[in-house]
Amino acid sequence: MRTVNLESQKNGTMSKAKEKSAKKRVVEEDDDQLPIFDKDVTEKKAGEEDDADLSDSEESVFSGLEDSESDSHDEEEDAEEGDDEEDDDDAVILDEILTKSSGVETATEPPATDKNTPTDIRNTVGNIPMEWYQDYPHIGYNLDGKKIFKPIRNKDELDEFLDKMENPDYWRTVHDKTTASDIRLSDEQVDLVHRLQKGQFGDVNFNEYEPSVDFFTNEVMIHPVTNRPQDKRSFIPSLIEKEKVSKLVHAIKMGWIKPRKPKETTPQYYDLWAKEDPNAILGRHKMHVPAPKMRLPGHEESYNPPPEYLLTEEERMAWEQQDAEDRKLPFLPQKHSCLRAVPAFSRFIHERFERCLDLYLCPRQRKMRVNVNPEDLIPKLPKPKDLQPFPTTMSLVYIGHSSLVRSISASPTGQWLVSGSDDCTVRFWEVNTGRCMKTLEVGGAVKSVAWNPNPAVCLVAVCFESTVLLLNPGLGDRLVVSSTDQLITSYEPPEEDKEQAVTWALSEGPEHDNGHRLTLTHPKAVKQVVWHGKGDYLASVMPDNSSNLQVLIHQVSKRRTQNPFRKNKGLVQCVSFHPLRPYFFVATQRYVRVYNLIKQELTKKLMTNCKWISSMAIHPGGDNLICGSYDCRLAWFDLDLSTKPYKMLRHHKKALRGVAYHKHYPLFASGADDGSVIICHGMVYNDLLQNPLIVPVKVLKGHQITHDLGVLDVTFHPTQPWVFSSGADATIRLFT
Amino acid sequence: MSQLQTRFFTDNKKYSVDDVPFSIPAASEVQELSNVINKLLEAKNGSHSQIEFDFLVRGQFLRTSLSNHMEAEGISTEDVVEIEYVERFTAPQPEECMMHDDWISSVEADSEWILTGSYDKTARIWSLEGKAVMTVAGHTDVVKDVAWVRRDGLTSLLLTASLDQTILLWEWNSERNKLKARHCCRGHAGSVDTIATDPTRTKFCSGSWDKMLKIWSAVATEEEEEVEEPPSRPRKKQKTEQLGLTRTPLMTLSGHNEAVSSVLWLDSEEICSASWDHTIRLWDAETGSVKTTLTGSKVFNHISYSPLCRRLASGSTDRHVRLWDPRSKDGSLVLLSLTSHSGWVTAVKWAPSHEHQLVSGSLDNLVKLWDTRSCKTPLYDVSAHEDKVLCVDWTDSRLMLSGGADNKLYTYRYTACETDAGA
């Protein structure tokens with residue numbers, strides 16, 4: 001609708017403009033004398049221009065029609081220049097204006113300069129190059145058809161220069177090529193030039209900021225401006241458009257045109273912390289330390305606190321006596337009858353200052369706390385269940401002794417057990433039934449018994465008081481029993497009798513029938529006897545702090561006794577032979593000394609860190625040793641590792657009395673006065689780089705504590721994972 | 001209270017009830033079920049007298065309430081439960097108590113006589129009524145095991161094995177009550193702990209602490225076999241003269257790493273032995289080679305074999321009686337553990353006429369009568385002994401025997417229900 005209107009209006013404007021240009025020409029021709037910029041004309045022109053401008057602006061929106069430009073030019077330019085091409089360049093416009101004005105001037109000026117000639121000397125040759133008239137005396141023809149003659153005087157450069165120097169109007173003098181005359185511009189014309197040079201309108205009176213008059217109303221009309229029905233083509237689809245669309249569709253199908261990518265609708269943000277390591281301990285978010293909070297006021301800070309918050313007189317005294325740092329409350333709760341009676345807070349400044357200190361001194365870095373699970377600190381030990389077999393339950397009780405059983409020893413085959421007791425008897429037991437096979441009375445409380453570890457010899461060493469007795473129990477293989485007897489009787493005394501520390505005596509008569517074979521009478525009370533692994537040597541211990549005669553080594557086959565030590569190095573507690581090599585272990589109260597018997601020198605001295613060693617056992621491999629002590633400790637030494645204990649076990653509550661290693665299984669046991677036997681898994685690896693693995697696996701209880709004594713001796717079964725323990729309750733127990 | 005659909009059945013025609021499902025309270029126990037059956041039988045047969053029954057659900061004896069049992073066994077309570085009932089095995093009645101002078105190490109009874117070995121170095125022959133008939137003295141050390149070899153009318157051959165490393169073969173005439181040591185079997189280098197006579201009664205096998213098994217001839221002959229007796233041992237010579245002719249083993253089976261604790265014949269060609277080295281070995285008696293090894297985890301004290309169910313029962317130094325299949329190819333499969341003892345199981349013996357029953361003796365002073373269909377609770381605990389039980393036996397003539405460290409040999413009479421016996 002609107003388009004239609006505009007079109008119609010445009011047409012209208014165009015026709016109007018043509019009319020105007022025609023009219024103007026008429027006017028111009030009518031009043032020649034009038035200055036060009038007549039007010040009326042200007043006004044009219046302005047109105048026309050307005051119209052034209054508006055129409056122009058309106059039209060330019062829709063199409064680049066050239067009519068309007070030509071329109072506007074028409075008004076300002078001369079008739080001959082009406083078809084000039086549109087040019088936006090200011091200078092060119094200025095030129096044209098100048099030429100025009102000069103033309104005008106030529107029309108106006110001549111009466112002033114040249115009185116003879118008719119008033120209008122306008123050249124009528126048209127728009128031709130004036131060089132064509134170079135060779136002629138005239139330069140064209142005026143309106144009357146008469147020749148316009150060139151001025152006679154031809155100005156040369158010098159004239160030009162002089163003119164420039166002398167003529168004050170030279171700056172406003174313009175040369176007119178068409179008439180070859182110099183024209184002096186009037187003041188109005190100079191003003192006009194100046195205004196145009198400044199970009200102002202040529203007409204002084206033109207108001208460019210006139211109030212605008214809406215051509216179209218801004219109110220929406222319900223009726224069209226024109227009553228013309230809509231064109232049919234506005235209803236039917238355009239064939240050209242269709243063609244274009246189909247071409248585009250084809251091009252898209254063929255892939256010549258790529259459809260536009262859909263725009264990313266999600267907003268893109270820049271992640272400021274993208275490069276920050278999320279696991280960094282010092283990460284900003286982790287290191288954030290919130291400002292310490294002020295404690296919220298409690299009831300005691302109330303102006304009228306409940307009575308229980310008010311301090312009594314004594315408390316107040318105590319509060320006043322305390323140091324400021326030690327006070328539980330930094331103020332005294334006070335009771336006021338009403339809020340109005342509350343005085344100003346005297347410590348306000350102080351409190352604020354402290355708050356500032358709190359904020360200022362608040363740690364800026366969080367303390368790094370190592371999060372350690374206490375269970376992780378416990379070494380990873382295998383479960384006892386995986387370390388089976390080991391003794392777990394009490395199976396048999398060997399009952400028969402009437403006093404505490406100090407010492408037990410198992411036969412190398414594992415069929416028999418010998419025990420020595422304070423009731424002055426030695427008993428032999430059948431292991432698997434608990435049957436006492438034999439009881440032998442000896443002349444004193446038996447301190448120690450030891451079964452010969454050699455399976456080819458059937459001898460038991462028993463010590464009581466100052467005697468060591470070698471017994472043949474007559475148990476086991478008859479051949480072995482008889483060969484043992486033969487071994488003992490086949491002794492032939494050497495020719496030269498050496499003085500020995502002990503006296504060897506062969507038993508005879510009823511004692512022989514009881515099994516007594518040899519009696520070694522020591523000078524002092526014997527505490528312990530122990531066999532060498534081969535079964536020929538026997539060591540006995542006579543603890544005595546003041547003598548060097550504490551340990552004796554006897555050779556049974558030769559009935560010889562040696563005192564291996566010349567010096568006394570402390571109270572000897574127990575001794576032991578190395579199971580494989582010629583070493584001899586001597587435990588004094590605090591140290592274990594290892595002697596090389598062949599080189600006769602001290603090899604090692606082990607510091608047990610115990611106060612008083614009670615017992616000692618050597619691992620069958622020979623490289624490890626355990627020591628029990630009266631101060632409830634068990635020390636495991638790895639002889640290859642160090643002279644200090646590899647492990648100290650403090651499992652027992654009371655003094656340890658006996659320790660033992662198993663011959664084949666990786667087990668060791670300790671018996672203590674608390675009546676319990678503790679079985680530990682003690683794995684020794686052949687690999688020297690691997691330390692022994694020690695795992696306590698079982699606490700075996702069963703012995704009653706009598707006279708503050710519990711278990712006195714422990715020993716393992718030679719082949720089965722069974723342990724025997726003898727106790728102060730006169731029993732021997734077998735745990736399997 | 002929830003109800004269960006049950007159906008009762010039995011092999012015994014005498015006590016059969018109608019084959020219809022009954023609704024029984026799920027919490028009912030053996031006694032209530034037994035009452036139910038008795039009620040049914042009374043309804044059917046007026047002259048029925050009260051009988052105690054035992055009930056089997058899927059081959060397992062009912063020992064708790066029915067619902068608990070079914071929950072433990074994972075039996076669905078939705079279906080009709082098939083319950084088999086059998087006449088209850090009546091408790092063995094203690095009959096005789098035979099006092100010995102010392103611990104009883106072994107016992108073997110046949111249909112007429114009881115032979116016991118004792119720690120007083122003698123063996124004794126008792127009548128079934130508990131009368132001491134004969135004392136077999138001759139060993140110089142504890143008698144560890146005894147065995148009957150055979151009986152020809154009034155003369156019997158018997159064996160005693162001792163800690164003195166010998167086995168003596170005795171001939172005993174029961175009429176004249178005269179005893180004669182026929183042979184002294186020497187060769188073991190340790191105490192002879194176990195002997196077993198083969199099914200043909202011509203050989204016997206002995207196991208010793210010296211890790212060896214030896215097979216000997218059990219036939220009494222008059223002539224002395226060749227024995228290398230060094231003349232320098234007059235004492236031994238004397239003993240040999242005293243105790244009959246010396247006999248040497250036919251064959252020695254070595255392979256065990258520890259003492260042999262128990263030996264028996266599976267049949268005339270196969271010997272089974274248990275040892276302290278945690279193994280049970282099956283030997284070929286002809287070639288003397290090991291056929292199978294069954295490995296356990298504990299020392300074996302005693303084994304017994306039942307030809308009825310072809311199972312080995314073993315007692316070991318823990319509190320379980322374990323059942324083994326001696327024919328199994330992989331040698332370490334325990335079929336079943338009977339667990340109720342609290343001490344070492346020192347003796348086991350299968351019932352001679354019942355495929356499910358066995359008796360075990362333990363160091364916890366108890367003799368237990370087991371049914372393999374109830375492996376958690378024994379049928380009966382016999383707590384007659386005051387000390388360790390060391391040996392048990394079971395005769396065809398409905399007599400159970402047990403001897404122990406309290407010097408007493410107990411005999412128990414039991415009445416097997418006829419249908420169940422040999423079932």
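Lettering follows sequence order; numbering is per chain, from 1. Bear in mind that the values here come from a model prediction, so they are computed numbers and not experimental data.
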Legend entry - Aromatic ring proximity, centroids under 6.0 angstrom, F428(A) and W416(A): no

Legend entry - Side-chain H-bond candidate by donor/acceptor type, T160(B) with H139(B), under 3.5 Å: yes

Inset, instruction - Select, from L475(A), D477(A), T433(A), the one with the greatest count of heavy-atom pairs under 4.5 Å involving chain B. - result: D477(A)

Legend entry - Between T719(A) and H717(A): side-chain donor-acceptor atoms closer than 3.5 Å: yes

Inset, instruction - Identify which part of S395(A) has an atom lying under 4.5 Å from any heavy atom of chain B, answering side chain, backbone, both or neither. - result: both

Inset, instruction - With a 4.5 Å cut-off on heavy-atom pairs, point out which of T393(A), V480(A), N432(A) contacts chain B the most. - result: N432(A)

Legend entry - Structural part of M437(A) lying under 4.5 Å from a heavy atom of chain B: side chain

Legend entry - Proximal component of E430(A), with respect to chain B [non-hydrogen, under 4.5 Å]: side chain

Inset, instruction - Can you sort out the partners of S208(B) under side-chain hydrogen bond (donor to acceptor under 3.5 Å, both in side chains), two or more places apart, ordered by chain and number? - result: D210(B)

Inset, instruction - For chain A, find which of E258(B), R319(B), H278(B) contributes the most heavy-atom pairs closer than 4.5 angstrom. - result: E258(B)

Inset, instruction - Measure the shortest side-chain to side-chain distance between M99(B) and K408(B) over non-hydrogen atoms and say whether it is less than 4.5 angstrom. - result: yes

Legend entry - Segment of T392(A) engaging chain B (4.5 angstrom heavy-atom cut-off): neither

Inset, instruction - Check whether D364(B) gets within reach of chain A through its side chain, its backbone, both or neither, counting any heavy atom under 4.5 Å. - result: neither

Legend entry - Q720(A), part contacting chain B, at a heavy-atom distance under 4.5 Å: side chain

Legend entry - L734(A) portion near chain B, given a 4.5 angstrom heavy-atom threshold: side chain

Inset, instruction - Find the one option among V142(B), N257(B), V299(B) whose heavy-atom pairs under 4.5 Å with chain A are most numerous. - result: V299(B)

Inset, instruction - Examine whether an atom of L390(B) lies under 4.5 Å from a heavy atom of chain A, and if so say whether it belongs to the side chain, the backbone or both; otherwise answer neither. - result: side chain

Inset, instruction - Before accepting this row, confirm whether a basic side-chain N of the pair R124(B)/D101(B) lies closer than 4.0 Å to the acidic partner's carboxylate O. - result: yes

Legend entry - Geometric cation-pi criterion, R435(A) with W103(B): 6.0 Å, 45°: yes

Legend entry - Residue list, side chain to side chain contact (heavy atoms under 4.5 Å, CB included) with T252(B), at least two apart or on another chain: M212(B), K214(B), P249(B)

